[in-house]
Amino acid sequence: MMAKWSEIEKKQFSEVLVEWYEREKRELPWRENTEAYRVWVSEIMLQQTQVDTVIPYFERFMSLFPTMKDFAYAPEEQILKAWEGLGYYSRVRNLQTAIREVTEAYDGVVPQSKEAILSLKGVGPYTAGAILSIAYNQPEAAVDGNVYRVYSRLMRIDDDISKAKTRKVFEQAVNETISQDKPGAFNQALMDLGATICTPKNPKCDMCPVQKYCRAYAENDIEKYPFKSKKLKTKQKYLVTAIIQSNDGRFLVQQRPSEGLLANLWMFPSIEEEKPVEDLVESYQAGVSMPLYLNNQSLGKVKHVFSHLKWDVEIITGVMDEADLIEGYRLVTLEEMKVLPFPVPYQKVWQLYLKTRSEL
DNA sequence: AAGCCGGGGGC
DNA sequence: GCCCCAGGCTT
Ligand code: SF4
């Protein structure tokens, strides 16, 4: 049984980890420089999102909005389009709210105090710590999923990471070991270690630069860490959507409500039920209060899995008279549709529509 | 404290 | 299928 971490050991661990990072760090677009705006955008994108997914979005975002000024007052349609497919769309709306706040209340400079930065919309304890350490060289912990995993193993911490108060335990553990002169490198080293070596399944302990400090490795019980009690369950929903064209060939679309799932994104008008829909045309017509001429045959089905629910989407087609268009809907050309942000399940719907149409 | 909020990748 | 991912907000 190895002893509790000594002060000397903490110091050594920190130095070894930072040296490893400086030797082996991943070259990533947001690591080209430490401008606070770039760090901020990357940290928001990386919330619950893997590095490889983020890279192209980050590149595109930065070329669209090179400075906070470019982003602060861009139209919502444009910022959602830049986020299209990335998920958790409130992130980009909160980011714009926060960057407006920085523009108006902080003279365009991302604040350096923990209290101020934490008050910004969408910036929680993790993101605050990441920005302060990486952009401003402050020794602040940034506790995320990687830190839970790496530290629970290093120190055999068995607190339940599902519980809110557990974050404090890990913040203290990091604070006791964080590099005082290179906190940004230290925190990013933990990310790289968690992503490439100390992975959820089959950690590569043989290649681990801090293996000699690791208590779980020494005790051979890595699989016990981290401990997480709750698992989430998903609900099933049944949708019917329709590709509906007006006499001039435009397509019927609708903006989603400003709150809730996929807020403010666009879709093909849809109905949602708890159970499989029996008569697609009858139910759909009952749910959309415009006269429609619907084809009584399903184009096919699209399945989509969210974190907390599953969609089963039946697709039908139809036509309408443009004179019958009511408030809340739009008839758009293909060019107009391209500019609107659509969630992935509706992109799947559109792809299926194009495929079946090309087969005619 | 628990639920909500996307989408993709690994196994 | 399941779990995880550079989490935060709302209730
Ligand atoms: S020795 Fe293994 S379990 Fe411990 S920190 Fe390194 S990779 Fe993770």
Side-chain angles (χ1 to χ4, degrees), chain A residues 25-26 28-31 38-58 80 83-95 97-98 117-135 140-150 160-167 170 174 184 186-196 198-203 223 226-236 256-265 303-311 341-348:
Chain A
K25 69 177 169 189
R26 294 175 289 175
L28 300 169
W30 47 91
R31 288 180 175 173
R38 290 168 57 89
V39 174
W40 189 359
V41 170
S42 71
E43 291 301 341
I44 300 297
M45 286 187 172
L46 286 160
Q47 287 169 8
Q48 301 296 294
T49 311
Q50 304 199 61
V51 165
D52 289 340
T53 303
V54 167
I55 290 173
Y57 282 91
F58 181 81
L80 284 174
W83 215 264
E84 182 186 57
L86 199 51
Y88 287 146
Y89 298 95
S90 66
R91 289 186 291 177
V92 72
R93 294 189 300 152
N94 289 342
L95 180 61
T97 301
I117 201 164
L118 265 177
S119 75
L120 297 171
K121 197 91 170 166
V123 179
Y126 164 75
T127 305
I131 296 172
L132 290 176
S133 62
I134 297 169
E140 293 285 345
V143 175
D144 70 332
N146 288 302
V147 170
Y148 281 136
R149 189 167 58 255
V150 171
D160 184 353
I161 65 168
S162 303
K163 306 231 179 265
K165 65 177 184 180
T166 300
R167 198 191 74 242
F170 284 84
V174 173
F186 181 89
N187 282 337
Q188 292 180 89
L190 291 175
M191 306 306 157
D192 281 18
L193 190 70
T196 64
C198 197
T199 47
K201 306 271 183 189
N202 307 318
E223 70 287 350
F227 173 62
K228 186 174 184 181
S229 63
K230 70 173 176 211
K231 25 214 153 232
L232 44 70
K233 36 195 150 208
T234 60
K235 290 173 201 158
Q236 179 75 51
R256 297 178 60 84
S258 62
E259 292 183 347
L261 186 67
L262 305 167
N264 283 357
L265 276 71
K303 290 177 185 294
H304 190 77
V305 181
F306 298 92
S307 49
H308 58 299
L309 60 102
K310 293 179 186 174
W311 276 6
F342 281 79
V344 167
Y346 285 99
Q347 295 178 29
K348 292 182 187 170

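Convention: sequence-line order gives letters A, B, ...; per-chain numbering from 1.
- Annotation: the span from A:F227 atom CZ to A:Y148 atom OH amounts to 14.0 Å, rounded to 0.5 Å.
- Once rounded to the nearest 0.5 Å, the distance linking CG of A:L28 with CG of A:D192 reads 7.0 Å.
- Each of A:R31 and A:K310 lies near DNA chain C, and the nucleotide nearest A:K310 is the one positioned closer to the 5' end.
- The nucleotide range of DNA chain B contacted by chain A, defined by atoms under 4.0 angstrom from heavy atoms of the protein and reported 5' to 3', is B:dA1 to B:dG9.
- Residues A:R91 and A:T49 meet the side-chain proximity criterion, which asks for heavy atoms closer than 4.5 Å.
- Backbone-only contact: A:A164 has heavy atoms under 4.0 Å from sugar-phosphate atoms and none from a base.
- Across all strands shown, A:T127 has heavy atoms under 4.0 Å from sugar-phosphate atoms exclusively, and none from any base.
- Among the atoms of the strands shown, none is found under 4.0 Å from any heavy atom of A:R93.
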Please report, to 0.1 Å, the donor-acceptor pairs under 3.5 Å made by any side chain of residues 117-128 of chain A, with sequence neighbours excluded.
| residue | atom | partner | partner atom | Å |
| --- | --- | --- | --- | --- |
| A:S119 | OG | A:A116 | O | 2.6 |
| A:Y126 | OH | A:E43 | OE1 | 2.6 |
| A:T127 | OG1 | A:Q47 | NE2 | 3.0 |

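- Counting any heavy atom pair closer than 4.0 Å across all strands shown, A:K230 reaches no nucleic acid atom.
- Heavy-atom contacts of chain A under 4.0 Å fall on DNA chain C between two terminal nucleotides, which in 5' to 3' order are C:dG1 to C:dT10.
- Both A:N202 and A:K165 lie near DNA chain B, and the one whose nearest nucleotide falls closer to the 5' end is A:K165.
- Evaluation of the salt bridge (Lys or Arg N to Asp or Glu O under 4.0 Å) rule for A:R256 yields no partner, not counting sequence neighbours.
- Residue-level contact check: A:K163 touches neither bases nor backbone, having no heavy atom under 4.0 Å from any strand.
- Checking side-chain atoms of A:N187 against main-chain N and O of A:E140 turns up a donor-acceptor pair under 3.5 Å.
- Within the structure, salt bridge (Lys or Arg N to Asp or Glu O under 4.0 Å) pairs that include any residue of residues 46-56 of chain A do not occur (at least two apart or interchain).
- Using a 4.0 Å heavy-atom cutoff across all strands shown, A:V54 reaches no nucleic acid atom at all.
- Among the atoms of the strands shown, none is found under 4.0 Å from any heavy atom of A:I44.
- Residues A:V123 and A:W30 both approach DNA chain C. Their nearest nucleotides, taken by heavy-atom distance, put A:W30 toward the 5′ side.
- Taking the P atom of each, B:dG10 and C:dA6 are spaced 13 Å apart, rounded to whole Å.
- Checking A:R93 against A:S258 by side-chain atom types alone, no donor-acceptor pair falls below 3.5 Å.
- Look at the C1' atom in both B:dC5 and C:dC5: the space between them is 15 Å, to the nearest Å.
- Rounded to the nearest 0.5 Å, atoms CD1 (A:I44) and CH2 (A:W83) are 7.0 Å apart.
- Under a cut-off of 6.0 angstrom, the local environment of CD in A:E223 is crowded, with over 12 non-hydrogen atoms contributed by other residues, nucleotides or ligands.
- Among the protein residues, A:K235 comes within range of the sugar-phosphate backbone only, with heavy atoms under 4.0 Å from sugar or phosphate atoms but none that close to a base.
- Among the protein residues, A:G85 comes within range of the sugar-phosphate backbone only, with heavy atoms under 4.0 Å from sugar or phosphate atoms but none that close to a base.
- A:R149 places a side-chain N or O within donor-acceptor distance of the main-chain N or O of A:C198, the cut-off being under 3.5 Å.
- Going from the C1' atom of C:dC3 to that of B:dG6 covers 16 Å, rounded to whole Å.
- When atom types are taken as modelled, the side chain of A:K310 and the backbone of A:K235 share no donor-acceptor pair closer than 3.5 angstrom.
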For DNA chain B, produce a single dot-bracket line, 5' to 3'. Pairs: Watson-Crick or G-U wobble, both distances under 3.5 Å. Symbols: ( ) within strand, [ ] crossing, | other strand, . unpaired.
|||||.|||||
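- In this structure, A:W83 reaches neither bases nor backbone, as no heavy-atom distance under 4.0 Å exists between it and the strands shown.
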